[in-house]
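Below: the structure, in C-alpha coordinates.
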Amino acid sequence: MAATPAPPQAPPKPTWDPRRVEPPFPWLRPTIRIRLTLLYGGMFLIAGILLLSIIYLLAAQAINTGNEPLFKIVDATQLRVTSDNCPAIKSDNLTFSQFNEAISACIDDQRRVALDDLLSRSLLALLGLAVIAFAFGYAMAGRVLSPLGRITRTARAVAGSDLSRRIELDGPDDELKELADTFDEMLERLQRAFTAQQRFVGNASHELRTPLAINRTLLEVHLSDPNAPVELQQLGKTLLATNERSEQLVEGLLLLARSDNQIVERKPVDLAEVAEQAVDQVHAEAEAKGVVIRGEQKAAVVQGNGVLLERIALNLVQNAVRYNVPEGGWVEVTTEVQHGQAVLVVSNTGPVVPAYEIDNLFEPFRRLRTERTGSDKGVGLGLSIVRSVARAHGGHISAQPREGGGLVMRVTLPI
(Lines give C-alpha, C1' and ligand atoms only; values in the text may rest on other atoms or scores of the structure.)
Protein backbone atom coordinates (compact mmCIF):
# COMPACT_ATOMS: atom_id res chain seq x y z
CA MET A 1 0.00 0.00 0.00
CA ALA A 2 1.45 3.30 -1.07
CA ALA A 3 2.19 5.78 1.62
CA THR A 4 0.01 8.84 1.80
CA PRO A 5 1.97 11.88 0.64
CA ALA A 6 2.57 14.46 3.29
CA PRO A 7 0.60 17.69 2.93
CA PRO A 8 2.56 20.57 1.47
CA GLN A 9 4.40 22.59 4.01
CA ALA A 10 3.76 26.29 4.35
CA PRO A 11 6.57 28.48 3.07
CA PRO A 12 8.88 29.76 5.78
CA LYS A 13 8.18 33.19 7.12
CA PRO A 14 10.66 35.89 6.21
CA THR A 15 13.30 36.42 8.84
CA TRP A 16 14.07 39.97 7.84
CA ASP A 17 12.60 42.44 10.30
CA PRO A 18 12.48 46.01 8.99
CA ARG A 19 12.13 47.42 12.50
CA ARG A 20 15.28 48.91 13.96
CA VAL A 21 16.64 47.75 17.30
CA GLU A 22 15.74 50.20 20.00
CA PRO A 23 18.69 51.51 22.04
CA PRO A 24 18.69 50.79 25.82
CA PHE A 25 18.24 54.49 26.62
CA PRO A 26 16.24 56.06 23.79
CA TRP A 27 16.03 59.42 25.57
CA LEU A 28 19.84 59.72 25.31
CA ARG A 29 19.77 59.42 21.53
CA PRO A 30 21.06 62.64 19.88
CA THR A 31 17.94 63.32 17.87
CA ILE A 32 17.38 66.37 15.71
CA ARG A 33 14.79 67.67 18.15
CA ILE A 34 17.21 67.51 21.08
CA ARG A 35 20.06 69.03 19.08
CA LEU A 36 17.94 71.89 17.77
CA THR A 37 16.49 72.48 21.26
CA LEU A 38 19.94 72.66 22.80
CA LEU A 39 21.30 74.77 19.98
CA TYR A 40 18.61 77.43 19.83
CA GLY A 41 18.02 77.35 23.60
CA GLY A 42 21.72 77.90 24.16
CA MET A 43 21.80 80.70 21.60
CA PHE A 44 18.83 82.40 23.30
CA LEU A 45 20.48 82.03 26.71
CA ILE A 46 23.79 83.45 25.49
CA ALA A 47 22.07 86.34 23.73
CA GLY A 48 20.07 87.12 26.88
CA ILE A 49 23.18 87.07 29.06
CA LEU A 50 25.02 89.38 26.66
CA LEU A 51 22.08 91.76 26.47
CA LEU A 52 21.69 91.89 30.27
CA SER A 53 25.43 92.50 30.65
CA ILE A 54 25.35 95.37 28.16
CA ILE A 55 22.31 96.91 29.86
CA TYR A 56 23.98 96.56 33.23
CA LEU A 57 27.12 98.31 32.00
CA LEU A 58 25.10 101.09 30.40
CA ALA A 59 23.03 101.56 33.57
CA ALA A 60 26.19 101.67 35.69
CA GLN A 61 27.64 104.31 33.37
CA ALA A 62 24.45 106.36 33.63
CA ILE A 63 24.49 106.11 37.41
CA ASN A 64 28.12 107.20 37.56
CA THR A 65 27.33 110.16 35.35
CA GLY A 66 24.43 111.12 37.60
CA ASN A 67 26.57 111.05 40.79
CA GLU A 68 27.89 114.57 40.18
CA PRO A 69 26.24 117.18 42.52
CA LEU A 70 23.41 119.11 40.99
CA PHE A 71 24.42 122.43 42.61
CA LYS A 72 26.99 124.13 44.79
CA ILE A 73 26.21 126.64 47.57
CA VAL A 74 28.20 129.81 47.03
CA ASP A 75 26.73 132.05 49.76
CA ALA A 76 24.48 130.51 52.40
CA THR A 77 23.33 133.87 53.84
CA GLN A 78 21.90 135.10 50.53
CA LEU A 79 21.07 131.58 49.15
CA ARG A 80 23.33 131.99 46.20
CA VAL A 81 23.94 128.70 44.41
CA THR A 82 25.49 127.70 41.11
CA SER A 83 25.06 124.56 38.95
CA ASP A 84 26.71 123.25 35.80
CA ASN A 85 23.89 120.78 35.08
CA CYS A 86 20.85 122.97 35.84
CA PRO A 87 21.03 126.42 34.29
CA ALA A 88 17.85 127.51 36.14
CA ILE A 89 19.66 127.34 39.51
CA LYS A 90 22.30 129.83 38.45
CA SER A 91 19.92 132.74 39.02
CA ASP A 92 20.39 134.86 42.11
CA ASN A 93 17.91 135.71 44.87
CA LEU A 94 15.83 132.53 44.48
CA THR A 95 13.14 131.83 46.97
CA PHE A 96 12.99 128.42 48.63
CA SER A 97 9.99 127.37 46.52
CA GLN A 98 11.71 128.44 43.31
CA PHE A 99 14.87 126.67 44.38
CA ASN A 100 12.98 123.42 45.12
CA GLU A 101 11.14 123.59 41.79
CA ALA A 102 14.43 124.11 39.92
CA ILE A 103 15.99 121.16 41.74
CA SER A 104 12.98 118.90 40.86
CA ALA A 105 13.05 120.00 37.23
CA CYS A 106 16.78 119.33 37.05
CA ILE A 107 16.40 115.86 38.55
CA ASP A 108 13.59 115.02 36.10
CA ASP A 109 15.65 116.29 33.20
CA GLN A 110 18.68 114.25 34.15
CA ARG A 111 16.53 111.14 34.70
CA ARG A 112 14.97 111.59 31.24
CA VAL A 113 18.36 112.10 29.60
CA ALA A 114 19.77 109.00 31.33
CA LEU A 115 16.76 106.85 30.35
CA ASP A 116 16.84 108.04 26.73
CA ASP A 117 20.54 107.33 26.51
CA LEU A 118 20.07 103.89 28.09
CA LEU A 119 17.21 103.08 25.71
CA SER A 120 19.07 104.16 22.56
CA ARG A 121 22.20 102.22 23.49
CA SER A 122 20.17 99.15 24.47
CA LEU A 123 18.39 99.21 21.09
CA LEU A 124 21.73 99.43 19.29
CA ALA A 125 23.04 96.51 21.36
CA LEU A 126 19.87 94.52 20.66
CA LEU A 127 20.18 95.22 16.93
CA GLY A 128 23.78 94.06 16.89
CA LEU A 129 22.96 90.89 18.83
CA ALA A 130 20.02 90.19 16.51
CA VAL A 131 22.28 90.39 13.45
CA ILE A 132 24.83 88.10 15.09
CA ALA A 133 22.11 85.67 16.23
CA PHE A 134 20.51 85.49 12.77
CA ALA A 135 23.87 84.92 11.08
CA PHE A 136 24.90 82.27 13.60
CA GLY A 137 21.46 80.61 13.44
CA TYR A 138 21.56 80.56 9.63
CA ALA A 139 24.99 78.94 9.68
CA MET A 140 23.98 76.38 12.29
CA ALA A 141 20.70 75.57 10.53
CA GLY A 142 22.60 75.02 7.27
CA ARG A 143 25.00 72.70 9.07
CA VAL A 144 22.20 70.73 10.71
CA LEU A 145 20.14 70.50 7.51
CA SER A 146 23.07 69.77 5.18
CA PRO A 147 22.26 66.03 5.17
CA LEU A 148 18.88 66.88 3.63
CA GLY A 149 20.68 68.50 0.70
CA ARG A 150 22.77 65.36 0.28
CA ILE A 151 19.63 63.22 0.32
CA THR A 152 17.98 65.52 -2.24
CA ARG A 153 20.97 65.38 -4.59
CA THR A 154 21.05 61.60 -4.38
CA ALA A 155 17.31 61.42 -5.06
CA ARG A 156 17.76 63.61 -8.15
CA ALA A 157 20.55 61.36 -9.39
CA VAL A 158 18.34 58.32 -8.84
CA ALA A 159 15.52 60.05 -10.72
CA GLY A 160 17.91 60.24 -13.66
CA SER A 161 18.03 56.40 -13.76
CA ASP A 162 21.26 56.11 -11.76
CA LEU A 163 20.22 53.53 -9.15
CA SER A 164 23.83 52.88 -8.15
CA ARG A 165 24.06 56.09 -6.14
CA ARG A 166 23.91 55.87 -2.35
CA ILE A 167 23.76 58.51 0.36
CA GLU A 168 26.03 56.77 2.91
CA LEU A 169 25.42 59.51 5.47
CA ASP A 170 27.86 59.81 8.34
CA GLY A 171 27.29 61.51 11.66
CA PRO A 172 25.16 60.99 14.76
CA ASP A 173 22.41 58.39 14.80
CA ASP A 174 19.55 60.87 14.45
CA GLU A 175 16.39 61.05 12.35
CA LEU A 176 18.25 62.22 9.24
CA LYS A 177 20.70 59.33 9.36
CA GLU A 178 17.81 56.93 9.87
CA LEU A 179 16.07 58.44 6.84
CA ALA A 180 19.25 58.19 4.75
CA ASP A 181 19.85 54.56 5.76
CA THR A 182 16.24 53.66 4.94
CA PHE A 183 16.58 55.39 1.58
CA ASP A 184 19.79 53.46 0.86
CA GLU A 185 18.09 50.18 1.72
CA MET A 186 15.20 51.04 -0.59
CA LEU A 187 17.60 51.91 -3.41
CA GLU A 188 19.45 48.64 -2.87
CA ARG A 189 16.26 46.63 -3.23
CA LEU A 190 15.14 48.67 -6.23
CA GLN A 191 18.48 48.17 -7.94
CA ARG A 192 18.37 44.42 -7.35
CA ALA A 193 14.83 44.21 -8.71
CA PHE A 194 15.65 46.44 -11.67
CA THR A 195 18.82 44.50 -12.47
CA ALA A 196 16.96 41.20 -12.22
CA GLN A 197 14.28 42.50 -14.58
CA GLN A 198 16.86 43.68 -17.12
CA ARG A 199 18.74 40.39 -16.84
CA PHE A 200 15.55 38.47 -17.42
CA VAL A 201 14.62 40.52 -20.48
CA GLY A 202 18.13 40.25 -21.86
CA ASN A 203 18.38 36.50 -21.29
CA ALA A 204 14.91 35.90 -22.70
CA SER A 205 15.73 37.96 -25.77
CA HIS A 206 18.97 36.07 -26.34
CA GLU A 207 17.24 32.72 -25.87
CA LEU A 208 14.54 33.67 -28.38
CA ARG A 209 17.06 34.74 -30.99
CA THR A 210 18.27 31.19 -31.69
CA PRO A 211 14.94 29.55 -32.61
CA LEU A 212 13.92 32.61 -34.61
CA ALA A 213 17.17 32.50 -36.55
CA ILE A 214 16.67 28.77 -37.23
CA ASN A 215 13.10 29.40 -38.39
CA ARG A 216 14.27 32.16 -40.73
CA THR A 217 16.95 29.92 -42.22
CA LEU A 218 14.53 27.06 -42.82
CA LEU A 219 11.97 29.35 -44.40
CA GLU A 220 14.55 30.97 -46.67
CA VAL A 221 15.79 27.55 -47.76
CA HIS A 222 12.23 26.47 -48.48
CA LEU A 223 11.48 29.64 -50.48
CA SER A 224 14.66 29.16 -52.52
CA ASP A 225 13.29 25.88 -53.93
CA PRO A 226 11.84 26.71 -57.37
CA ASN A 227 9.81 23.46 -57.45
CA ALA A 228 7.82 24.31 -54.32
CA PRO A 229 4.07 24.75 -54.83
CA VAL A 230 2.73 28.29 -55.01
CA GLU A 231 0.58 27.77 -51.91
CA LEU A 232 3.58 26.67 -49.86
CA GLN A 233 5.65 29.59 -51.14
CA GLN A 234 2.90 32.01 -50.15
CA LEU A 235 2.65 30.35 -46.74
CA GLY A 236 6.44 30.52 -46.40
CA LYS A 237 6.46 34.26 -47.19
CA THR A 238 3.75 34.85 -44.59
CA LEU A 239 5.65 32.85 -41.98
CA LEU A 240 8.87 34.65 -42.90
CA ALA A 241 7.19 38.03 -42.41
CA THR A 242 5.82 36.86 -39.04
CA ASN A 243 9.25 35.57 -38.05
CA GLU A 244 10.84 38.87 -39.05
CA ARG A 245 8.30 40.70 -36.92
CA SER A 246 9.15 38.48 -33.95
CA GLU A 247 12.86 39.18 -34.47
CA GLN A 248 12.17 42.91 -34.47
CA LEU A 249 10.22 42.50 -31.24
CA VAL A 250 13.07 40.60 -29.60
CA GLU A 251 15.64 43.17 -30.76
CA GLY A 252 13.41 45.95 -29.49
CA LEU A 253 13.02 44.33 -26.09
CA LEU A 254 16.76 43.78 -25.82
CA LEU A 255 17.51 47.36 -26.80
CA LEU A 256 14.86 48.65 -24.40
CA ALA A 257 16.42 46.69 -21.55
CA ARG A 258 19.89 48.00 -22.37
CA SER A 259 18.87 51.62 -22.87
CA ASP A 260 17.25 51.87 -19.44
CA ASN A 261 20.72 51.89 -17.90
CA GLN A 262 22.80 55.01 -17.46
CA ILE A 263 25.31 55.44 -20.27
CA VAL A 264 28.76 54.83 -18.81
CA GLU A 265 31.05 55.20 -21.83
CA ARG A 266 30.32 58.46 -23.63
CA LYS A 267 31.89 59.85 -26.76
CA PRO A 268 31.25 63.03 -28.78
CA VAL A 269 28.36 62.43 -31.18
CA ASP A 270 26.99 64.99 -33.62
CA LEU A 271 23.20 64.84 -33.81
CA ALA A 272 23.38 66.29 -37.31
CA GLU A 273 25.32 63.26 -38.58
CA VAL A 274 23.01 60.91 -36.70
CA ALA A 275 19.95 62.54 -38.26
CA GLU A 276 21.48 62.43 -41.74
CA GLN A 277 22.21 58.70 -41.41
CA ALA A 278 18.66 58.07 -40.25
CA VAL A 279 17.27 60.01 -43.21
CA ASP A 280 19.46 58.03 -45.63
CA GLN A 281 18.21 54.72 -44.21
CA VAL A 282 14.54 55.72 -44.51
CA HIS A 283 14.87 57.53 -47.84
CA ALA A 284 13.83 54.53 -49.96
CA GLU A 285 10.77 53.82 -47.82
CA ALA A 286 9.80 57.50 -47.95
CA GLU A 287 10.02 57.56 -51.75
CA ALA A 288 7.88 54.44 -51.99
CA LYS A 289 5.19 56.11 -49.87
CA GLY A 290 5.50 59.48 -51.63
CA VAL A 291 6.73 61.27 -48.50
CA VAL A 292 9.21 64.13 -48.86
CA ILE A 293 11.92 64.41 -46.19
CA ARG A 294 13.30 67.90 -45.66
CA GLY A 295 14.94 70.00 -42.97
CA GLU A 296 18.29 71.51 -42.01
CA GLN A 297 20.66 69.68 -39.70
CA LYS A 298 22.97 72.01 -37.79
CA ALA A 299 25.89 70.77 -35.72
CA ALA A 300 24.87 69.72 -32.21
CA VAL A 301 27.54 67.64 -30.46
CA VAL A 302 26.56 65.68 -27.36
CA GLN A 303 28.33 63.16 -25.15
CA GLY A 304 26.75 59.72 -25.49
CA ASN A 305 26.49 56.41 -27.29
CA GLY A 306 26.37 56.84 -31.07
CA VAL A 307 24.47 53.60 -31.75
CA LEU A 308 21.71 54.41 -29.28
CA LEU A 309 21.45 58.03 -30.45
CA GLU A 310 21.17 56.81 -34.03
CA ARG A 311 18.33 54.57 -32.89
CA ILE A 312 16.50 57.64 -31.55
CA ALA A 313 16.67 59.44 -34.90
CA LEU A 314 15.91 56.30 -36.92
CA ASN A 315 12.82 55.38 -34.89
CA LEU A 316 11.43 58.91 -35.03
CA VAL A 317 12.00 59.29 -38.77
CA GLN A 318 10.57 55.83 -39.49
CA ASN A 319 7.44 56.56 -37.47
CA ALA A 320 7.07 59.93 -39.17
CA VAL A 321 7.22 58.27 -42.61
CA ARG A 322 4.99 55.30 -41.80
CA TYR A 323 2.30 57.25 -39.95
CA ASN A 324 1.75 59.86 -42.64
CA VAL A 325 -0.92 60.89 -45.11
CA PRO A 326 -1.38 58.82 -48.30
CA GLU A 327 -0.52 61.71 -50.64
CA GLY A 328 1.47 64.91 -50.36
CA GLY A 329 3.04 64.05 -47.03
CA TRP A 330 6.30 65.42 -45.69
CA VAL A 331 8.71 64.90 -42.81
CA GLU A 332 10.94 67.66 -41.43
CA VAL A 333 14.09 66.73 -39.51
CA THR A 334 16.12 69.50 -37.84
CA THR A 335 18.96 69.59 -35.33
CA GLU A 336 20.36 72.62 -33.54
CA VAL A 337 21.61 73.93 -30.20
CA GLN A 338 19.14 75.89 -28.10
CA HIS A 339 19.82 77.34 -24.64
CA GLY A 340 22.89 75.18 -24.15
CA GLN A 341 21.16 71.93 -25.14
CA ALA A 342 21.14 69.85 -28.30
CA VAL A 343 17.69 69.56 -29.86
CA LEU A 344 16.42 67.06 -32.44
CA VAL A 345 12.98 67.88 -33.87
CA VAL A 346 11.05 65.52 -36.17
CA SER A 347 7.68 66.80 -37.41
CA ASN A 348 5.40 65.29 -40.01
CA THR A 349 2.01 65.41 -41.62
CA GLY A 350 -0.38 62.65 -40.72
CA PRO A 351 -3.64 61.82 -39.01
CA VAL A 352 -5.01 64.09 -36.32
CA VAL A 353 -3.71 63.01 -32.92
CA PRO A 354 -5.82 63.88 -29.86
CA ALA A 355 -3.84 65.51 -27.07
CA TYR A 356 -5.03 62.95 -24.51
CA GLU A 357 -3.39 60.12 -26.50
CA ILE A 358 0.10 61.65 -26.55
CA ASP A 359 1.28 60.02 -23.32
CA ASN A 360 0.05 56.59 -24.42
CA LEU A 361 2.29 56.68 -27.49
CA PHE A 362 5.40 56.25 -25.33
CA GLU A 363 4.12 53.11 -23.62
CA PRO A 364 5.38 49.74 -24.94
CA PHE A 365 3.12 48.01 -27.49
CA ARG A 366 0.83 51.03 -27.72
CA ARG A 367 -0.13 52.52 -31.07
CA LEU A 368 -2.46 55.27 -32.17
CA ARG A 369 -5.98 53.93 -32.55
CA THR A 370 -4.75 50.46 -33.61
CA GLU A 371 -4.78 47.07 -32.04
CA ARG A 372 -1.84 45.73 -30.08
CA THR A 373 -1.24 43.16 -32.79
CA GLY A 374 -1.92 42.97 -36.46
CA SER A 375 -0.18 46.16 -37.55
CA ASP A 376 2.44 46.10 -40.28
CA LYS A 377 4.03 49.39 -39.18
CA GLY A 378 6.09 48.08 -36.29
CA VAL A 379 6.05 46.22 -33.02
CA GLY A 380 5.03 49.16 -30.84
CA LEU A 381 8.40 49.70 -29.11
CA GLY A 382 9.85 52.55 -31.17
CA LEU A 383 8.87 55.51 -29.00
CA SER A 384 9.44 53.52 -25.80
CA ILE A 385 13.02 52.91 -26.92
CA VAL A 386 13.41 56.58 -27.85
CA ARG A 387 12.25 57.69 -24.39
CA SER A 388 14.49 55.17 -22.61
CA VAL A 389 17.57 56.16 -24.63
CA ALA A 390 16.89 59.86 -24.09
CA ARG A 391 16.54 59.35 -20.33
CA ALA A 392 19.73 57.28 -20.22
CA HIS A 393 21.55 60.27 -21.78
CA GLY A 394 20.06 62.70 -19.26
CA GLY A 395 17.56 64.16 -21.76
CA HIS A 396 13.87 63.89 -22.46
CA ILE A 397 11.41 63.71 -25.34
CA SER A 398 8.14 65.56 -25.77
CA ALA A 399 5.39 65.28 -28.39
CA GLN A 400 2.85 67.84 -29.54
CA PRO A 401 0.04 67.48 -32.07
CA ARG A 402 0.35 69.56 -35.23
CA GLU A 403 -2.47 71.69 -36.50
CA GLY A 404 -4.04 69.80 -39.36
CA GLY A 405 -2.62 66.44 -38.31
CA GLY A 406 0.70 64.85 -37.49
CA LEU A 407 3.10 65.22 -34.60
CA VAL A 408 6.09 67.29 -33.56
CA MET A 409 8.64 65.14 -31.70
CA ARG A 410 11.26 67.10 -29.77
CA VAL A 411 14.28 65.41 -28.19
CA THR A 412 16.44 67.52 -25.87
CA LEU A 413 19.87 66.26 -24.75
CA PRO A 414 22.50 67.95 -22.58
CA ILE A 415 25.70 68.98 -24.29
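Side-chain atoms are counted along with the backbone in the values below, which use heavy atoms only and exclude waters and symmetry mates. Numbers for residues simply follow the sequence, beginning at 1.
Judged purely by atom type and a 3.5 angstrom limit, N243 has no side-chain atom pairing as donor or acceptor with the backbone of L239. Not a single donor-acceptor pair under 3.5 Å links the side chain of R410 to the backbone N or O of V345. N348 places no side-chain N or O within 3.5 Å of a backbone atom of G406 that could act as its donor or acceptor partner.
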Would you mind writing out the side-chain donor-acceptor pairs for residues 325-334 within the sub-3.5 Å range, not counting sequence neighbours?
none

For residues 274-286, run the donor-acceptor check on the side chains, cut-off 3.5 Å, and write out each pair with its distance to 0.1 Å, sequence neighbours left out.
residue: Q281; atom: NE2; partner: E310; partner atom: OE2; Å: 2.7
residue: H283; atom: NE2; partner: E287; partner atom: OE2; Å: 2.8
residue: E285; atom: OE2; partner: R322; partner atom: NE; Å: 2.9

Per-pair distances, 0.1 Å, donor-acceptor, side chain in residues 396-404, under 3.5 Å, sequence neighbours excluded:
residue: R402; atom: NH1; partner: G405; partner atom: O; Å: 2.7

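Remark: R121 engages D117 in a salt bridge (charged side-chain N to carboxylate O under 4.0 Å, His left out) (not counting sequence neighbours). A search for side chain to side chain donor-acceptor pair (under 3.5 Å) contacts involving Q191 returns R166, not counting sequence neighbours. For T349, the side chain to side chain donor-acceptor pair (under 3.5 Å) partners are N324, not counting sequence neighbours.
The shortest side-chain heavy-atom distance between N319 and L383 falls under the 4.5 Å cut-off. For the pair V411 and L316, the minimum side-chain heavy-atom distance is below 4.5 Å. Side-chain contact between P268 and Q303: present, with at least one pair of heavy atoms (C-beta onward) separated by less than 4.5 Å. Counting heavy atoms from C-beta outward, I132 and L50 have side chains that stay 4.5 Å or more apart. For the pair D225 and V221, the minimum side-chain heavy-atom distance is 4.5 Å or more. The side-chain heavy atoms of L309 and L413, taken from C-beta on, include a pair separated by under 4.5 Å.
Looking only at atom types and distance, the side chain of E336 has a donor-acceptor partner in the side chain of Q338 under 3.5 Å away.
Residue G304 comes nearest to V269 through the heavy atom pair O-CG2, 3.7 Å, listed as atom of the first residue, atom of the second, then distance.
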